[in-house]
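If you read the sequence from its start, that first residue is 1, and numbering goes on from there. Worth knowing before you read on, the calculation uses all heavy atoms, side chains too, and leaves out hydrogens, waters and symmetry mates.
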Amino acid sequence: MLLPHFRAFNMSVHVGSLFANSGLSTSDPETESVDQIALFATLLCACIVIGHLLEKAQWINQSITALLIGLCTGGIILLTSGGRSSRILEFQEEFFFIYLLPPIIFNAGFQVKKKQFFRNFMTITLFGAIGTLVSFAIISYGATLLFPKLEIGYLEIKDYLALGAIFSATDSVCALQVLNQEETPLLYSLVFGEGVVNDATSVVLFNAITSFDLNNMNTTTALKFASNFLTLFVLSTLLGVFVGLLCAFIIRTLYFGRHSTDREVALMILMAYLSYITAEVFKLSGILTVFFCGIVMSHYAWHNVTLNSQVTTKHTFATMSYIAEVFIFLYVGMDSLDVEKWILIDSPKKSIMASAILVGLIMVGRAAFVFPLSLFSNFIQKNENEHINIKQQVTVWWAGLMRGAVSVALAYKKFAGSGQTIQPANALLITSTITIVLFSTVVFGLLTKPIIRWLLPDETDPSTPNSSSMPLLQNGHDHDHDHDHDLEVENGNNGTSSTRPSLKMLLDSPSNTVHHYWRKFDDSCMRPVFGGRGFVSHATGTRDMGEIH
């Protein structure tokens with residue numbers, strides 16, 4: 001099924017030359033394509049095995065492992081071709097956006113532990129949405145001021161704004177590989193939640209920029225741009241919720257599991273993918289759509305399937321996401337040695353200078369919202385146990401400096417067609433993006449664990465006392481009734497006040513109060529129709545199916 005799309009990643013380097021000594025060299029395009037697939041399968045297996053062996057290492061994580069293996073492989077191919085190869089891989093951005101990013105984002109929504117996510121929802125929203133816009137503005141404005149001094153070529157205002165959107169997208173997956181949810185559950189929750197909201201916001205912002213004529217910017221154009229951005233955000237979210245609810249309703253009504261577990265699993269996978277593709281067809285944000293589809297499916301549809309289907313879907317989505325992440329970092333490592341892009345640049349020094357400027361802007365842009373928004377969050381949060389102290393703020397700032405899959409995909413989509421570009425300025429921006437991803441993942445990634453140990457030695461989060469037994473990534477199901485009890489305890493009241501929230505309670509704990517009203521609506525209107533925890537499943541005949549670990 002995926003064979004034609006793997007062929008889209010045509011190697012200019014004849015992979016057969018790598019196997020010349022083994023007698024596998026061939027000029028047959030069909031055989032060469034099979035060789036390329038075999039090479040990638042081998043590299044993916046190597047990443048998994050080596051990543052497992054390095055799992056207990058102090059610093060190394062899976063993303064860094066994949067990058068280094070990609071660099072080594074690219075270097076070997078470059079040497080065997082005598083340095084004449086014009087490209088290691090031919091890039092197709094459609095492959096990234098249609099096949100690699102959807103499973104990553106859907107799994108983030110499907111696996112998120114909603115109780116922890118919505119406990120810190122206000123802070124996560126501040127960081128992920130408002131913070132992304134602040135970072136976007138600073139990076140775009142800084143690039144507009146500093147890039148002309150490098151004399152890299154003509155760039156339009158849309159290019160500068162696109163740079164802001166591209167480098168506002170954090171790599172939460174890499175950050176979470178060096179954060180421990182048992183040692184720092186609050187930080188883990190904030191970084192994870194911010195990351196998924198940040199990715200969605202960045203992509204929606206990028207799509208709004210690329211689809212708008214911004215050359216003649218005025219007040220009317222700015223208002224239209226803001227309206228387009230908000231429309232994309234809202235419609236994408238609603239589409240994801242609709243598809244998730246439709247999937248839950250179909251499974252609850254027809255209970256496929258009575259006949260075939262395979263049908264349940266297949267329907268959930270295809271409906272999840274359908275949400276993404278439908279959003280792309282209607283020019284919406286597929287990433288935002290598939291993320292909220294994952295949240296809704298985990299809340300309703302997952303509880304309507306058999307126990308076998310629950311286990312299967314959990315591990316299937318996680319596996320697809322894992323392979324896609326490894327593939328992307330492996331590709332970035334290999335493509336960093338693409339000589340054609342470096343040849344187009346007048347001077348490698350300009351690419352390095354541009355990368356340094358962008359890294360500086362990323363650091364400044366992130367600091368500009370992490371520290372002020374943390375103070376604002378502490379001000380409105382009455383519970384002192386949920387305040388973010390200065391050391392935690394520094395850790396959140398540092399953990400979000402890494403850039404990864406989304407930045408790479410957006411950069412190629414904007415500045416390259418099929419991995420190629422004839423414009424020196426575009427080639428410089430592509431090489432700068434790859435350089436920043438390599439530098440931030442390796443350097444920032446390596447230093448994150450030592451920084452956490454230095455700033456937060458033996459820290460545990462008092463706001464989540466049972467965090468070790470309630471990991472954030474846990475199939476998306478939560479002990480909702482336990483959360484009702486938390487709402488009572490945190491406000492120092494008995495059950496009566498939790499059933500009759502007051503204005504004071506809303507001001508003191510807005511997220512818990514909103515959750516209370518949502519629970520009432522969910523229990524009375526949503527779950528009887530769409531199923532979910534606490535309601536009888538036709539597939540299993542049980543009321544509460546428990547957690548699958």
Side-chain angles (χ1 to χ4, degrees), residues 123-150 152 155-172 175 190-191 194-210 212 214 217 219 221-222 225-226 228-230 233 351-377 388 390 393-404 406-408 410-411 414-415 425 428-429 432-433 435-437 439-441 443-444:
T123 305
I124 287 172
T125 303
L126 286 172
F127 285 177
I130 306 301
T132 300
L133 295 176
V134 172
S135 179
F136 157 77
I138 291 177
I139 294 173
S140 299
Y141 182 70
T144 304
L145 293 179
L146 300 176
F147 269 39
K149 298 179 181 180
L150 297 179
I152 62 175
L155 293 175
E156 299 178 345
I157 182 63
K158 183 178 290 188
D159 296 326
Y160 290 116
L161 294 176
L163 280 176
I166 289 168
F167 291 107
S168 295
T170 64
D171 181 27
S172 58
L190 291 177
V191 173
E194 179 210 345
V196 292
V197 177
N198 166 277
D199 284 347
T201 305
S202 298
V203 174
V204 171
L205 192 59
F206 179 87
N207 290 339
I209 290 169
T210 54
F212 233 78
L214 302 174
M217 179 66 77
T219 304
T221 305
F225 174 78
N228 189 35
F229 172 78
L230 292 175
F233 207 100
S351 178
I352 296 174
M353 289 296 295
S355 300
I357 289 174
L358 288 170
V359 169
L361 291 174
I362 289 171
M363 298 179 76
V364 172
R366 185 158 182 82
F369 76 82
V370 168
F371 299 107
L373 292 182
S374 295
L375 293 176
F376 178 74
S377 176
I388 310 171
I390 186 62
Q393 293 173 30
V394 172
T395 305
V396 171
W397 168 74
W398 181 269
L401 293 176
M402 285 171 273
R403 298 296 180 265
V406 175
S407 293
V408 171
L410 293 179
K414 174 60 180 174
F415 300 114
L428 182 141
L429 294 176
S432 297
T433 301
T435 301
I436 290 170
V437 170
F439 177 82
S440 64
T441 302
V443 176
F444 295 154

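Taking CG of Leu145 as the reference point, atom OH of Tyr160 lies at 9.5 Å (rounded to 0.5 Å). Between atom CD1 of residue Ile436 and atom CG of residue Leu401 there is a gap of 12.0 Å, rounded to the nearest 0.5 Å. To the nearest 0.5 Å, atom CD1 of residue Ile352 and atom CG of residue Leu428 are 10.5 Å apart. Taking CD1 from Ile209 and CG from Asp159, the interatomic distance works out to 10.5 Å, rounded to the nearest 0.5 Å.
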Decide side-chain contact (heavy atoms from CB on, under 4.5 Å) for Phe127 and Ser374; before the verdict, give the C-alpha distance in whole Å, the side-chain angles of both, and the deciding distance to 0.1 Å.
-> CA-CA 9 Å; Phe127 285 177; Ser374 295; 3.2 Å; yes
Please evaluate residues Val134 and Leu373 with respect to the criterion side-chain contact (heavy atoms from CB on, under 4.5 Å), reporting the C-alpha separation (whole Å), side-chain torsions for both, the decisive distance (0.1 Å), and the verdict. CA-CA 11 Å; Val134 172; Leu373 292 182; 5.8 Å; no
Margin query: Please determine whether side-chain contact (heavy atoms from CB on, under 4.5 Å) holds for the pair Phe415 and Thr433, giving the CA-CA distance in whole Å, both sets of side-chain angles, and the decisive distance to 0.1 Å.
Written below: CA-CA 11 Å; Phe415 300 114; Thr433 301; 5.7 Å; no
Using the rule given for side-chain contact (heavy atoms from CB on, under 4.5 Å), can you reason through Phe147 versus Leu358, listing the C-alpha separation, both sets of side-chain angles and the distance that settles it, and then say yes or no? CA-CA 10 Å; Phe147 269 39; Leu358 288 170; 3.8 Å; yes
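Heavy atoms from other residues, nucleotides or ligands lying under 6.0 Å from CE of Met363 number more than 12. The neighbour count for Phe371 CZ, taken as heavy atoms of other residues, nucleotides or ligands under 6.0 Å away, is above 12.
Not a single donor-acceptor pair under 3.5 Å links the side chain of Arg403 to the backbone N or O of Ser440.
Considering every non-hydrogen atom in both Ser135 and Phe369, the closest pair reads CB-CE2, 4.1 Å. Ser140 and Gly164 make their closest contact through OG-CA, 3.3 Å (heavy atoms, listed as atom of the first residue, atom of the second, distance). Minimum interatomic distance between Ser432 and Ser355 (heavy atoms only, all atoms of both residues): CA-OG, 3.3 Å. Smallest separation of non-hydrogen atoms from Ser377 and Leu126: CB-CD1, 4.5 Å. Nearest heavy atom pair, residue Phe136 against residue Leu161, reads CE1-O, 3.1 Å. Scanning all heavy atoms of the two residues, the minimum distance from Ser407 to Ala169 falls at OG-O, 3.3 Å.
Proximity of Leu205 to Leu133: side-chain heavy atoms (C-beta onward) are separated by under 4.5 Å at one or more points. In this structure the side chain of Leu429 reaches within 4.5 angstrom of the side chain of Leu155, judged on heavy atoms. Ile166 has its side chain within reach of Phe206: a pair of non-hydrogen atoms, C-beta onward, lies under 4.5 Å apart. Annotation: side chain of Leu190 is in contact with side chain of Ile388 (closest heavy-atom distance under 4.5 Å).
When the ring-ring contact (aromatic ring centres under 6.0 Å, His included) test is applied to Tyr141, no partner is found at least two apart in sequence or on another chain. By the side chain to side chain donor-acceptor pair (under 3.5 Å) test, Arg366 is found to be paired with Glu194, residues two or more places apart in sequence or in another chain being considered.
No side-chain donor from either of Thr201 and Thr132 sits under 3.5 Å from a side-chain acceptor of the other.
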